Protein chains: 2
Amino acid sequence: MPLHAPAATTAASARELIAAQGGRVTRTRVAVIEALQRSAHPLSHDELGAVLDGADIAHDRVTLYRALDWLVEQGIAQRIAGGERAWRFEIRRGDDHRHAHFHCERCGQIVCLEDVPTASAPHLPAGFELERAELVLHGACADCGRAAAKGSAR
Amino acid sequence: MPLHAPAATTAASARELIAAQGGRVTRTRVAVIEALQRSAHPLSHDELGAVLDGADIAHDRVTLYRALDWLVEQGIAQRIAGGERAWRFEIRRGDDHRHAHFHCERCGQIVCLEDVPTASAPHLPAGFELERAELVLHGACADCGRAAAKGSAR
DNA sequence: ACATCTAATGCTACAATGTTGCATCAAATC
DNA sequence: GATTTGATGCAACATTGTAGCATTAGATGT
Ligand SMILES: [Mn+2]
Ligand SMILES: [Mn+2]
Ligand SMILES: [Zn+2]
Ligand SMILES: [Zn+2]
């Protein structure tokens with residue numbers, strides 16, 4: 001543990017994040033936050049469910065939905081609409097939450113593009129108020145692109 | 001009917017669009033295309049269903065889904081993921097199909113932002129291939145913003 | 001106009017994703 | 001430890017989209 005302030009690392013513990021919003025620190029919320037923090041990619045409700053199965057206690061689908069809803073309401077996590085019909089979730093860290101995402105249409109994975117900003121200052125019609133922008137790029141990820149290049153015949 | 005080539009107007013008739021792809025010109029497809037062409041906003045499957053009810057014949061949910069799928073496959077229409085959990089559809093016209101969309105989180109409407117481009121040339125990780133970009137801005141539309149400004153209570 | 005061929009349709013049944021109501025439990029506070 | 005209230009678990013439901021298969025109707029040839 002560093003004695004100097006960790007410069008905007010992933011550091012904030014699940015407990016801290018939850019307590020800071022005046023919410024109850026429950027096993028579900030802690031487990032969800034930690035799973036999201038460990039994951040390299042945004043996770044769908046379903047993928048999260050699978051992760052939590054491995055963990056401590058058994059969890060209900062609905063409880064998981066509600067935990068995720070709460071995290072998003074509090075600004076701890078954010079929802080990504082991207083690829084298929086299910087939401088993906090990721091923890092918001094510092095200011096880097098305005099990044100784009102890449103959706104691979106071959107393997108279905110969503111990748112964070114940390115250094116691609118969503119939208120700077122789009123010109124909106126009069127009276128429109130922008131709250132949030134979502135940029136999703138669709139195509140083939142490196143792995144899937146390579147695979148297609150090699151075995152050409154299916 | 002102009003004798004000179006109409007400079008990329010909305011002109012193309014449903015028949016023409018369908019026949020150009022070698023598809024069968026059915027009442028469903030024609031009605032769907034015309035409904036989309038008439039609409040100022042991209043329409044969800046459900047909204048389209050409502051419009052078609054008013055029209056000629058009764059239509060099955062599944063048929064509508066399949067007609068829309070076909071239109072997208074052929075590049076006649078395009079899907080927008082935007083707001084809620086349902087796809088929206090709009091006719092692709094000329095080159096202006098790379099525009100952003102605005103999702104009003106109050107009234108749920110999706111508005112085309114014809115002059116906001118989606119993404120110019122984002123820097124992607126090595127090996128990634130971009131096929132399509134989707135930019136959705138979330139917030140309050142002019143009507144909903146105004147409404148909120150007036151009646152502050154509630 | 002009629003026969004023929006096949007794509008498109010209309011059912012039914014199903015899958016996937018998310019929501020609502022309500023009784024019970026447990027995290028926080030005293 | 002008792003109390004309070006937010007979080008959970010369960011059952012039932014809603015919405016959105018798919019799959020299989022028999023029937024219909026758009027295109028084509030005569
Ligand atoms: Mn991300
Ligand atoms: Mn549009
Ligand atoms: Zn991939
Ligand atoms: Zn609105």
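Numbers restart at 1 for each chain; the letters A, B, ... are given by sequence-line order, proteins then strands. Predicted model, so just to flag it, every value in this text is computed and none were measured. Just so you know, these numbers use all the heavy atoms, side chains as well, and skip hydrogens, waters and symmetry mates.
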- Message: Below 30° counts as parallel, above 60° as perpendicular, anything between as tilted: where do the rings of His45(B) and Tyr65(B) land?
- Response: parallel

- Message: For His138(B) and His103(B), take the angle between the two ring planes, folded into 0 to 90°, and tell me which bin it lands in: parallel under 30, tilted 30 to 60, perpendicular over 60.
- Response: perpendicular

- Query: Do Glu131(A) and Arg106(B) sit within salt-bridge range, that is, some charged N less than 4.0 Å from a carboxylate O?
  - Reply: yes

- Task: Hey, could you give me each pair passing ring pair (Phe, Tyr, Trp, His ring centres under 6.0 Å) that has a residue in residues 12-44 of chain A? Not counting sequence neighbours.
- Result: none

- How would nucleotides 18-26 of chain D be written as a contact map, 5' to 3', with B for base contact, S for sugar-phosphate-only contact and - for no contact, using protein heavy atoms under 4.0 Å? BBB----BB

- Message: Go nucleotide by nucleotide along DNA chain C from the 5' end; which of Ala67(B) and Arg15(A) gets its closest nucleotide reached first?
- Response: Ala67(B)

- Could you point out which residue of Arg79(A), His101(A), Gln37(A) forms a side chain to side chain donor-acceptor pair (under 3.5 Å) with Glu90(A)? His101(A)

- Tell me: CG of Asp60(A) to C1' of dA11(D), nearest whole Å? 10 Å

- Rounded interatomic separation in angstrom, taking NE2 from His59(B) and P from dT9(C): 8 Å

- Thr26(A) side chain vs Arg29(A) backbone, donor-acceptor pair below 3.5 Å: yes

- Task: Keeping the roles fixed (side chain from Glu16(B), backbone from Ser13(B)), state whether a donor-acceptor pair exists under 3.5 Å.
- Result: yes

- Item | Between CD on residue Gln74(A) and CG on residue Leu17(A), distance to nearest 0.5 Å | 11.0 Å

- Kindly say if His45(B) contacts the phosphate of dT16(D), meaning a side-chain N or O under 4.0 Å from OP1 or OP2. no

- Of all the base pairs, Watson-Crick or G-U under 3.5 Å, which form stems of three or more consecutive pairs involving DNA chain C? C:1-30 with D:1-30

- Just checking Thr28(B): base, sugar-phosphate only, or nothing, at a heavy-atom cut-off of under 4.0 Å? sugar-phosphate

